[in-house]
4 protein chains.
Amino acid sequence: MTGGIERVRKKREVHASVKDQKLIQRRRDEMIRGAVTLFKEKGFHRSTTREIAKAAGFSIGTLYEYIGQKEDVLYLVCDSIYDGVKEKLEEMNVNAGTIENLKLGIAHYFRVMDEMQDEVLVMYQEVKSLSKDALPYVLKKELEMVSMVEALIKSYMDHEHIDYRQQEVHILAQNIFVQGQMWAFRRWTLQKSYTLDEYIELQTNYLLSGIQMKAGDGK
Amino acid sequence: MTGGIERVRKKREVHASVKDQKLIQRRRDEMIRGAVTLFKEKGFHRSTTREIAKAAGFSIGTLYEYIGQKEDVLYLVCDSIYDGVKEKLEEMNVNAGTIENLKLGIAHYFRVMDEMQDEVLVMYQEVKSLSKDALPYVLKKELEMVSMVEALIKSYMDHEHIDYRQQEVHILAQNIFVQGQMWAFRRWTLQKSYTLDEYIELQTNYLLSGIQMKAGDGK
Amino acid sequence: MTGGIERVRKKREVHASVKDQKLIQRRRDEMIRGAVTLFKEKGFHRSTTREIAKAAGFSIGTLYEYIGQKEDVLYLVCDSIYDGVKEKLEEMNVNAGTIENLKLGIAHYFRVMDEMQDEVLVMYQEVKSLSKDALPYVLKKELEMVSMVEALIKSYMDHEHIDYRQQEVHILAQNIFVQGQMWAFRRWTLQKSYTLDEYIELQTNYLLSGIQMKAGDGK
Amino acid sequence: MTGGIERVRKKREVHASVKDQKLIQRRRDEMIRGAVTLFKEKGFHRSTTREIAKAAGFSIGTLYEYIGQKEDVLYLVCDSIYDGVKEKLEEMNVNAGTIENLKLGIAHYFRVMDEMQDEVLVMYQEVKSLSKDALPYVLKKELEMVSMVEALIKSYMDHEHIDYRQQEVHILAQNIFVQGQMWAFRRWTLQKSYTLDEYIELQTNYLLSGIQMKAGDGK
DNA sequence: TATGAATGAGCTTTCATTCAT
DNA sequence: AATGAATGAAAGCTCATTCAT
């Protein structure tokens, strides 16, 4: 099912009748902004193309000048959210490898998830609606993000000369990644029990205890 | 959005024209079985009521003798999956409180998630399609399941006289719970890297290191 | 383009959701009747599916219970017209081989074309709108009709022991066939200049002079 | 429907925003050339104005500088094809009235039909799509062409002092005219059975036998 | 209780036409 | 004179739901 992910390179092409690339970018941004709001509220399937066009601020005819089919909107939205998240994550470049750095990195990731929780929610509820065609492009991006988390952990472990197995670091990265999303998609329960700061502290302590135990062993 | 969860008591009523309760139960079971297969493949929105009826083995007219609207099928499916999971979890009653017991409990939960991964996937991809009306009933069940995990941890901690804050145990339970689902809904990447046993071992070690560090502190 | 005609055997399948074959036949007959009237006036392309449904006396939803796509209506119409023409032609079985018989046969064909001129017109204006898929089935029927005319001529020639080349009889049959249709699709000019009887007489004389000259030669 | 034909005089006006008549002519020629190719392949209704513009080598905006509505393209195309056919027919001016001349004239007409069979096909498949408004202009041209054939026959008959009724010559002209078109629009069957030369010979023999029989009677 | 034909609101998508640049 | 982005009416088609049998 996902065997083709590794081979995915370029972005998926979305058909546009309009030729002006600048304009395409601008209109698609408007489209995405509107669509996120809409999908947040009603989901992709319950949103009509007319509603999407309206939310974007143009007519249905114009919408179809910039996409080939309804699904393209979903792809553009997912793609854009990933880019947004990735960009925000890259803002904070933390490679020093100290324990402080690791903590900061994790906290930063959780805060990004908090800021973009609507988008994260939309994406997580809707990716599965993407066709077999578009899915790999999005999943590839997700893996890239997990890799970023992984790099952060390795940077720390290398710096501290902690011995680790690739598998362990990988699963740890996945856990952190999912716990970040959890804050968004389980907010109906989590955000009633914890503030963001509490959540960050609890999860960080917990994550680090796992890592440091290892560190204790390793030394 | 979910403020009403606590007040939810009875099951949500699903309209049926037929009176015979036994028959209702039988037909709905057939319906659910067919629907799960269908939703697994095409999702709720892309499945038509005709397809659901066919998969269940009866006519569209008959389908509507046992439900009020299409969404009811989704509700029944989600409800039934939760019941299924819960039942399986309850099969293994592990309250001894020993470390072995905790490990067994966690492993058991992960194995149940593995066995029912299709169902878990369906549920996780589709709950968001439930109306405001039906959602609370389903979320309530989810909380019950988290509570089961929580109880398992507490039982261990109490037995070991480990000091803990409610908040910590709660987040731990949520983590375990989500990690179990993760095995199902991130199988596209996880199940390429790990066998179920590896996954269980890695996650258990990791979870316990967090807990035991605590234990070390506590004593 | 038409290389596949010879291999066409069964009727082209037109999708129907309804199962009752009797009902399908009845509804399709209603549909065809309405559609012919409509196509006569506006042509296939300018007629909407809603108009077709209305002309047939049922809703758009019902229309699509009996066809798979709009084009199927055109196919059914063309198919039905051919069947109608063929049936009428077969009513008069003229194989005696006398000159009187030949004349009667030709006259009968022209009269059928006159009776069904609306249908003939519709078919001639719209066959080209059939997809590559459906066209062969219709062209095959046309060839069958030309063959009927051909048989009529041969029957006469054999009876009169006239020597003929296959090619000549074939082209003669094609001419008669087309002259019959001509009465319908050039009615805007022909029917202003001639009554049907005049037309029949003129064309018959003309056709026979060609044949009989041959006969004179042959003897 | 066609009662107005006789009163049709000037060409139908097609709206143009551009003033320069030379330019209009040039652009329309480009347009017609492109459109014929397009209509040949997909028909008028299935061709979009964008495609027409593209095939003509200019933008959709420019297209509408030279026509008022889509249908005008069809009118221009039909009109142009008629002009083309007529021009070719007039190339060979055969009025000598001899039997040779008649044969040559008929053969020439058939050869023109063969050369322009794509155009003939397009025209015959699409005239019916012309509005009530434009049709008379085109039908008038058709009658003119039938008259040319008629003149050819009369010229022969007069020269040979053959007695004829107007009606007979008229129907004969119509037959020849239609047989020429037949070569184009029934090519799917005719051109598999005959070469053009065979077709010409067969039809000519046949036509002449009718005429000469008459001649024999007449004397 | 079971059936499936009938319905029509509503969906996605197209495309002739306009008009500011 | 030329362009092409914008428009929205209208098209084909689907499908949840009803109801007579």
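Basis for what follows: all heavy atoms, side chains included, without hydrogens, waters or symmetry-related copies.
- The phosphate of E/dA6 (OP1 or OP2) has a side-chain N or O of C/Tyr66 nearer than 4.0 angstrom.
- Against DNA chain F, the stretch residues 25-39 of chain C makes no heavy-atom approach under 4.0 Å.
- Applying the salt bridge (Lys or Arg N to Asp or Glu O under 4.0 Å) test to D/Glu51 and every residue at least two apart in sequence or in another chain returns D/Lys42.
- Rounding to whole angstrom units, NZ of residue C/Lys22 and P of E/dG4 are separated by 17 Å.
- Base pairing in DNA chain F gives the following stems of 3 or more Watson-Crick or G-U pairs, range against range and under 3.5 Å: E:2-21 with F:2-21.
- For the salt bridge (Lys or Arg N to Asp or Glu O under 4.0 Å) test, residues two or more places apart in sequence or in another chain that qualify with C/Glu30 are C/Arg27.
- Contacts of A/Asp83 classified as salt bridge (Lys or Arg N to Asp or Glu O under 4.0 Å), with partners at least two apart in sequence or in another chain: A/Lys11, A/Lys141.
- Atom CD1 of A/Ile52 and atom P of E/dT12 are 7 Å apart (whole Å).
- To the nearest angstrom, P of E/dA5 lies 7 Å from NZ of C/Lys19.
- Under the rule for a side chain to side chain donor-acceptor pair (under 3.5 Å), the partners of A/Lys40 that lie at least two apart in sequence or sit in another chain are A/Asp118.
- For C/Arg46 (side chain) and D/Ser129 (main-chain N/O), a donor-acceptor pair under 3.5 Å exists by modelled atom type.
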How does protein contact run along nucleotides 16-21 of chain E, one letter per nucleotide 5' to 3', with B for base contact, S for sugar-phosphate only, - for none, heavy atoms under 4.0 Å?
-> BBB---
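- With sequence neighbours left out, the salt bridge (Lys or Arg N to Asp or Glu O under 4.0 Å) criterion links B/Arg12 to B/Asp72, B/Asp133.
- Nearest-nucleotide assignment on DNA chain E puts the 5′-proximal partner with B/Val18, out of B/Val18 and A/Ile67.
- Computed from coordinates, the C/Lys54 NZ to E/dA6 C1' distance equals 18 Å when rounded to whole Å.
- By the ring-ring contact (aromatic ring centres under 6.0 Å, His included) test, A/Phe39 is found to be paired with A/Phe44, residues two or more places apart in sequence or in another chain being considered.
- At a threshold of 4.0 angstrom between heavy atoms, the contacts of A/Ser17 are confined to the sugar-phosphate backbone, with no base atom among them.
- Toward the 5′ end of DNA chain E lies the nearest nucleotide of B/Thr62, the other residue of the pair B/Thr62 and C/Leu63 mapping further downstream.
- For the pair D/Arg46 CZ and E/dC15 P, the computed distance is 11 Å after rounding to whole Å.
- Of all the heavy atoms in B/Val36 and B/Val77, the pair that sits closest is CG2-CG1, 3.9 Å.
- Judged as a side chain to side chain donor-acceptor pair (under 3.5 Å), and not counting sequence neighbours, A/Gln69 has no contacts.
- With sequence neighbours excluded, the residues satisfying ring-ring contact (aromatic ring centres under 6.0 Å, His included) with D/His45 are C/His45.
- Taking atom CD1 on A/Ile24 and atom C1' on F/dG4, their separation rounds to 12 Å, with Å as the unit.
- Partners of C/Ser59 by side chain to side chain donor-acceptor pair (under 3.5 Å), not counting sequence neighbours, listed by chain and number: C/Thr62.
- For the pair C/Lys42 NZ and F/dA10 P, the computed distance is 11 Å after rounding to whole Å.
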